[in-house]
Structure formats: structure tokens, C-alpha cells
Amino acid sequence: MQTVNDFNFKNEKVLIRVDFNVPLNAEFAITDDSRIAATVPTIKKILADGGSCILMSHLGRPKEGPTEKYSLKHIVNRVSELTGAKVHFADDCIGDSAYQLAAGLQSGEILLLENLRFYKEEEKGDLGFAEKLSKLGTFYVNDAFGTAHRAHASTAVIAQFFKGKKCFGYVMAGEISNARKVLDNPARPFTAIVGGAKVSDKLLIIENLMSIADYIIIGGGMAYTFAKAQGGKIGKSLCEDDRMPLTLELIEKAKAKGVKLLLPEDSVVADNFANDAHTTISNNDAIDDQYMGLDIGPKATDVFCEAIRASKTVLWNGPMGVFEMSSFEAGTKAVAQAVADVAQAGGFSLIGGGDSAAAIHKFKLADKVSYVSTGGGALLEYFEGKELPGVKAVLD
Ligand code: AMP
């Protein structure tokens, strides 16, 4: 896997696919710049070599071409502050003005291109659009893990125009190497914790992990589909009835493969989906009709945390309950602490992006685990065993 460390970028105009899809408030101020900050080391390496950077990204989901709200011009100043470099802005990502600005770019300078998704061709993976973008630079770097599972023009299709002159940035390289640590010969026992709302979103990852993990822990809303499929009463808890047969198949598969599948024994149940609802503890197979399970219960929490603490490798994707509400955060918080304890004891714990990353930040444990992935969908697909188009295109 070649990264920016393997090249010298003197006099190269390096076209970098970054993920600057940052949240903006109503005044277009950035409310969380961590995605920009993550790519700064890649940019600085290239500038320090004597190269220049042409940054391309999407922002939001513009439907109909250029839209003020989704303009990358709002982040020019922050990119300049974080990199300490002069940043020019091209108000169109292709076309004469972009080419002129790219041609005039000096070593040590940055050109930020307008939102790629102002062109429908970006998400369609249009070859002609990718070729037009490719003409802006002399070298291609992909540092956008969050979109690596999409075969878009700038994430995958463009790479073919840079034979021998393409590589990964530090964000991509970090994401891939940390995921590989879990997938290839993990230190054992290896426990995968899968939670979140819907079992349908996580079926493929559970199936793939069956061939790798020693323990698979299931929590969150998805556990109730398993419970009902096994004949349990789950009250008003989340359930995907059409997936019940598949959950039974997963239970059988785990037995056949000798994987220990841990399902929650009990839950914190509530009479309402609200923080101030009336709550009680119930066994998972006997939830009263008026109640819904919104967090794992104390017995499940103990069993899960014990298995996690006994592990040398842990992958965590998806919360154990509705951790956004304080009444239903205890299970997720305890699991987060156990996952952190594994890393503190010398093991390896990887936090999948999305809601598990939000939870680990909420409980202020992000610096106590081995790695927090930035890519929700991309990481999920990687652990489903799929080849990510944005990764493959750079390796080809
Ligand atoms: P996902 O995006 O599939 O990882 O799901 C994360 C979401 O699932 C979070 O917003 C949680 O609030 C929600 N969630 C977790 N457990 C439950 C539950 N028992 N009932 C309803 N929602 C849940």
C-alpha cells in the first residue's frame, strides 16, 4: 500500500480527494472541523516537499447544481488557518477558471475546488467528468475514507488517469491499516460488538465476522428481532419481522462455526420513547405489551463487559441502546468503558464510525481506545468483506 510517505512531491500539483463534508450552522460557520484537521498532515507533507495541493471534496447533498448553502467557499479560511498555507478558491471544480488557477499555483500553495456534487456526474462516476478533473493535477492522492465505498468520479474513476502517480493519504492509510489489524490474524480472543437500531443494516457484517470473531455481542434495537424470532415477548420494542428467519439462521451458523453469540438477557424498558418515560428492568423474552426495550439491562451489561474485558481485540459498531437519552445510556456507557479498558490493558480496540464514534466521544473515552474510525458506511462495508472502490482504484 503506497502512501504519501513513499513519494517526493517537489513541483507536483497534487490533486487530493479529501472529505471536507463538515457541518455548518445557519451562518455558514463550521461547527466541527475534525474532518479538515484529519487531512492536514497529508497536505503538510506534500507542501513541505515543495509541491502544491488541489483539494476536492463534496459538502452535503446538493440536489440541483450550485447552492449557496453547500459551497466550499465557507471553509476556505479554516483550511488556511489549519494548514498555515495560502488557499485559493475555484468557484467551479472544472472549467477555464479552475484550470487557470491550477496552472498558476505555486509550490506551498493550496487550491480548493468548489463542491464536486454540484455536478451530477460526480456521483454517477462519469468518466468524462473524472478526466476533466484529472487534468487539474499531476498526481492523485485519495484521503477520503468516508466516501471510499462509493464509485464516484473523484473517489475511484479518476485514479486510472494517474498510472504510477497515485497513492493514499494518511487518513486513508490509517483507516485501512487499523481495519486490517482486526481482519488479519487478530490477537485472540477477538470480540465483535454489533448494535444499533436495525438488524437489516448489520446482517452482512455479522455474517462476515462469524468467520473471524470468537465472540459476537448483539445489542441495541436489533436484539429484539432475535428475541421475538426465538419465541420471546418483546412488547413495543423495535422489530423487523421479515428478518426473524435470518436471525435464527445466524444463531445456527454461530453454533456451527463455534462462535459464541451473546444476546442480551435483559433490558431497560420504557412505556414511552422519551427520556422521562416510566422505566423498569425486564427479561428480554418477557417484555410487557405496554413497554419497549431501549437499553440493555444490568445482567446483559455484566455478561457483555466481562466478555469484552477478557478480549485482546475488540471491534465495536453500533450502540447498545438509545444512548442519546440519559435514561438509556448506561449500557452503551459501560460497554464503551470496557472497550477502553481493553486498549488500556494492551489490547486493540477499534471503534466503527457513526453512532459508536459519537458514543465514545460523548463518554470522553476517544483517547482511551486504540482507534476511532471516521468512516461509518465505508468501514461497515469493509467489515462486510466488500472491496471498496476508492481503495481498489488506487491499488490497481
Ligand atoms: P445504527 O445507525 O443502526 O447504528 O443505529 C443507531 C441508533 O440506534 C441510535 O440512534 C440509537 O438511539 C438507536 N437505538 C439503539 N438501541 C435502540 C433501541 N433499543 N430502540 C430504538 N432505537 C435504538
Side-chain angles (χ1 to χ4, degrees), residues 146 149 192-207 209 216-229 232-241 243-244 246-247 250 262-301 304 314-336 339 350-363 372-384:
H149 58 316
I193 311 157
V194 186
K198 287 159 79 186
V199 70
S200 50
D201 291 342
K202 307 284 166 83
L203 277 171
L204 292 175
I205 190 173
I206 297 171
E207 263 197 288
L209 289 168
I216 298 181
I217 289 175
I218 307 280
M222 55 192 271
Y224 303 102
T225 303
F226 284 81
K228 187 170 173 189
K233 256 171 58 69
I234 61 163
K236 295 192 289 179
S237 309
L238 270 187
C239 186
E240 292 173 276
D241 286 342
R243 302 297 163 138
M244 288 198 302
L246 282 166
T247 61
L250 286 176
L262 300 182
L263 290 158
E265 211 180 310
D266 59 349
S267 287
V268 177
V269 299
D271 61 355
N272 200 352
F273 191 82
N275 203 28
D276 61 358
H278 178 259
T279 66
T280 181
I281 306 297
S282 170
N283 274 352
N284 255 31
D285 58 356
I287 298 175
D288 190 275
D289 286 347
Q290 301 309 311
Y291 282 80
M292 62 184 86
L294 295 182
D295 192 10
I296 53 172
K299 281 192 253 172
T301 303
F304 289 3
V314 175
L315 166 69
W316 181 24
N317 185 292
M320 297 291 101
V322 186
F323 73 101
E324 298 93 335
M325 295 188 210
S326 58
S327 302
F328 312 109
E329 69 171 20
T332 303
K333 193 174 182 177
V335 161
V339 169
L350 189 148
I351 314 302
D355 281 306
S356 340
I360 209 85
H361 284 294
K362 179 177 181 194
F363 302 127
V372 183
S373 172
T374 57
L379 191 83
L380 201 59
E381 290 199 17
Y382 206 57
F383 279 102
E384 285 171 358

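Ligands are counted one by one from 1 in listed order, and the atoms in each one are counted from 1 as well. Note that the structure is a prediction, hence the values are computed from the model and not measured. Numbering of residues begins at 1 and proceeds along the displayed sequence.
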**Q.** Identified side chain to side chain contact (heavy atoms under 4.5 Å, CB included) partner of Met325 from the options Leu294, Asn275, Asp295, Asp276
**A.** Asn275

(Q) I'd like to check the side-chain hydrogen bond (donor to acceptor under 3.5 Å, both in side chains) partners of Glu240; sequence neighbours left out, ordered by chain and number. (A) Ser200

Please list every donor-acceptor pair under 3.5 Å in which a side-chain atom of residues 355-362 meets a protein atom from a residue at least two apart or in another chain.
residue	atom	partner	partner atom	Å
Ser356	OG	Gly318	N	2.6
Lys362	NZ	Phe323	O	2.8
Lys362	NZ	Glu329	OE1	3.0

Q: With sequence neighbours left out, write down each residue that passes salt bridge (charged side-chain N to carboxylate O under 4.0 Å, His left out) with Glu324, or none if nothing qualifies.
A: none

Q. Does a side-chain heavy-atom distance below 4.5 Å link Asp289 with Lys233?
A. yes

Give one line per pair: atom of ligand 1, protein atom, distance. Only N/O to N/O under 3.5 Å.
residue	atom	partner	partner atom	Å
ligand 1	2 (O)	Asp355	OD2	3.2
ligand 1	3 (O)	Ala197	N	3.3
ligand 1	4 (O)	Lys202	NZ	3.1
ligand 1	5 (O)	Ala197	N	3.0
ligand 1	8 (O)	Ala197	N	3.3
ligand 1	10 (O)	Glu324	OE2	2.5
ligand 1	12 (O)	Glu324	OE1	2.7
ligand 1	12 (O)	Glu324	OE2	3.3
ligand 1	16 (N)	Gly221	N	3.1
ligand 1	19 (N)	Gly221	N	3.4
ligand 1	19 (N)	Gly293	O	2.9

Q | Tyr291-Thr279 side chain donor-acceptor pair, cut-off 3.5 Å | A | no

